[in-house]
Structures are given as structure tokens and as C-alpha cells.
Amino acid sequence: MRSARAVIEAIDREKYEVVPIGITKKGHWLSPAEAAGLLPESARQLLPKEISNAGETVAIIGDPSRPGLVALNHNGNSRQSQALDVVFPVLHGTYGEDGTIQGLLEMAGIPYVGCGVLASSCGMDKVLMKALFRDAGLPICKYTWFLRSEWERERNIVLRRISREIGFPCFVKPANLGSSVGISKAKSRRTLEEAIELAARYDRKVIVEEGLDVREIECAVIGNDEPEASLPGEYVVLDKQAAFLDYAEKYSGTGHVEFVVPAALKRRMTERVQRMAKQAFQAVDGAGLARVDFFLRRDTNELLVNELNTIPGLTDVSGYPKMWTASGLPFSQVLDRLIQLAFERYADKSRIQTSI
Ligand SMILES: Nc1ncnc2c1ncn2[C@@H]1O[C@H](COP(=O)(O)OP(=O)(O)O)[C@@H](O)[C@H]1O
Ligand SMILES: [Mg+2]
């Protein structure tokens, strides 16, 4: 919601007419009027005046002859539809960032902002993502992974493998998620078991990484086949209460961490971050945008790719817009460019022969 609001506030209204669409936690789609009602007054003011069809059931259907938002009546019959030129999925996490809504938009034949199905799903799965990074020659931390079913069947084998291959401290994470949900740092075998139990509540796949003492550097990427990288930023820990960037540190403004752009790095390190950010983007076959997060080891000064986020936070306090602003590209221009890239990618894909 906060990201959507920031996009609505920054988008060029001379050029674009925003049709807000909301999806509830249960998966129900809200009409533009209902969705607009969720926005604060200041953002609602910026939307076109004639938003109607309140209370109707709306959907995007996987039929390219009806591209856009289809309004359905109570019998499920479709009424009129509202054409959509391009969709901007400002949706974080499951169903928004993992390739599923991207698949729906592909089937519907509507251009959309950001990564396609493959890059989105690979960017969501930390195990798959790491395999692609490694294959592209990018440095990553030591890790292992297992399925929840494996854990439930043979706990001791899994625990021994982690102790042997990874050691302590280690970070235990659900493979598919984000925002630090379900992630914990384990310092002993006992806390490791608790950490695995927690992670296994959120996914059927769990990843365990070596716990490193790091600086956290991020870089914004924009583009399709020839991506560009912004100036890097850094999450600077102001007080040691922030053990790591958990959910509260990221979103509640605890005041323990601060996002600084540009990150205080030597020129060569800045260039390395930018080069690796673009390589990571290409390793997952990214499109449109991504934020690439790095670990800079304090002990060895080694730069590792941690992860890539295909729909990074876009709020006024988020890293992605901040890094572009500091790089000379204001957020409204970023949005303009992202929409242009969505059309370019759509046109490029439309050249592909699909019947033989
Ligand atoms: N291997 C690691 N070593 C040190 N800190 C880590 C490690 N993995 C994660 N962290 C900490 O946990 C945070 C969240 O982990 P991350 O892999 O980025 O998950 P998410 O997708 O939820 O953002 C990181 O920003 C960092 O503070
Ligand atoms: Mg992260």
C-alpha cells in the first residue's frame, strides 16, 4: 500500500491515468473505486475523477481478446471491461513478486512493469537464485538447504550436516519469502532447531547460510537487455540493538539503522558493486527493475551477492527510489522509464513466433 501510494504520488499525471486495483489478503480483487478508498485522501485526490464500478467483482482474465479489467456481475457474467495499457504490479512477496501474477498478465496479453515469470520466481527462491548466481561466476556465501519433509524425517542428519558444512553462527531462512519474515540467526545447536522450526512454518524449503560479519550494500538496477546500475547505498547500523535487518528494522523506523546513499566505498568497490548488480540481474534474466543486495565482509573485504529483489520497496523511504534520486534520476523519471521498458519488453516478446 505504501509503495503504491508513492507510485501514484510520483507518476507523471500529464502522461498517465492511474487505475488503482487492490487485492485483499484473501485474494479478492477490489474495483478501482474500492481500491482508491484504501488510499489516504492526499493520494486519492491525484487519481482521475471518474472512477466508477464500485462494489463490482473485477478480474483480469487470461484471455487476450479481453485485455484489461473485466467487471463481473453476481452471476459471474462479464459486463463491460476497462482497457489497461500496462500494469504495474506494486505487490511484494507471494503472488506479487514470485511470477504468479506475471503469468496471469502474460496470458492476458497485457504489458507489465518489471521481471517476467522466470526472473520473478527465481528471484523469490533463495536456493534457485544462489545456483544461478554461482553459475554466473558471482561470489556468494556458503549455504546448504533441505526440504521440510527431510527435516521432519531425519532431524539429526540435517543438524549434523549443517554443523559440519556451515557451522555457527548461521542464518536460517525460508527459501521463498522476504522482508526477513521467518529468518533467524542461530548460535548453537539448540537455537538452530528453533530457527529451523520457525523457517519451516513459512516454506517447504529451508536454506541455512554461514553467518557473516558484514556491511549491507544495495544497488538499484533498471533496464531490460542492457541494464544500468545506480550508485550503491548502505544500511548503516547506528546502534548494536539491531542484530540484523529484521522486519521491524526494515519497516518500523526503529532508528537503529539508516539507509545512506551513496555508500562510503572506494571508487573501485563502487564499480564492482555496480558491475555485479548488473550481472546478478542478467543471471536471473531480469527485466525492468531489481534491487540487488550485497554483503561486504568486514574480515576479508570480499563482496558477496546476497539476494535480488524483483519488486523492491518503492516508498518514499525505500532504497530503490533513494538510490536513483542520488544517481540523478528522480522517482517520476524512474517510473516513466519502467513503463517504457514494459512496452519495449512486450514488443520484443511479441516478435517471438508462438505457432509452428
Ligand atoms: N549469511 C548472513 N550473514 C549475515 N547476516 C545475514 C545473512 N543472511 C541474512 N542476514 C541478515 O538478515 C537480513 C535478511 O536476510 P535476507 O537474506 O536479505 O532476506 P530477505 O529476503 O527477507 O530480505 C539481511 O539483510 C541481513 O541483515
Ligand atoms: Mg534482504
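All residue numbers in this chain count up from 1 along the given sequence. In listed order, ligands and their atoms are each counted from 1.
In summary, the atoms of ligand 1 found under 4.0 Å from a heavy atom of Ile183, numbered by their order in the structure, are 14 (C), 15 (O), 19 (O), 22 (O). If you number the atoms of ligand 1 from 1 as listed, the ones under 4.0 Å from a heavy atom of Phe295 come out as 1 (N), 2 (C), 6 (C), 7 (C), 8 (N), 9 (C), 10 (N). The atoms of ligand 1 that sit less than 4.0 Å from any heavy atom of Lys173 are 8 (N), 9 (C), 15 (O), 16 (P), 17 (O). The distance from ligand 1 to the heavy atoms of Gly211 drops below 4.0 Å at these ligand atoms: 3 (N).
Using 4.0 Å as the threshold, Lys126 has a heavy atom nearer than that to some atom of ligand 1. Under the 4.0 angstrom criterion for non-hydrogen atoms, Tyr143 is not in contact with ligand 1.
Taking only non-hydrogen atoms, the option from Glu216, Glu210, Glu209 nearest to atom 26 (C) of ligand 1 is Glu216. The option from Asn176, Ile207, Val257, Leu212 that lies nearest to atom 3 (N) of ligand 1, judged by heavy atoms, is Leu212.
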- [ ] Evaluate the salt bridge (Lys or Arg N to Asp or Glu O under 4.0 Å) criterion for residues Glu307 and Lys173: first the C-alpha distance (whole Å), next the side-chain angles of each, then the deciding distance (0.1 Å), finally the verdict.
- [x] CA-CA 13 Å; Glu307 62 162 347; Lys173 316 175 180 182; over 6 Å; no
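Ile217 and Phe295 end up in different hydrophobic clusters when Ile, Leu, Val, Met, Phe, Trp and Tyr side chains are linked at under 4.5 Å. Leu38 and Ile8 fall into different hydrophobic clusters, where Ile, Leu, Val, Met, Phe, Trp and Tyr residues are linked whenever their side-chain heavy atoms come under 4.5 Å apart, directly or through other members.
When heavy-atom distances to ligand 1 are checked against a 4.0 Å cut-off, Asn309 has no atom that comes that close, whether in backbone or side chain.
Among the heteroatoms counted here (N, O or S) of Glu307, OE2 is the one nearest to the Mg ion (ligand 2).
Because its NZ or CZ atom is both nearer than 6.0 Å to the ring centre of Tyr143 and within 45° of the ring axis, Lys130 counts as a cation-pi partner of that residue.
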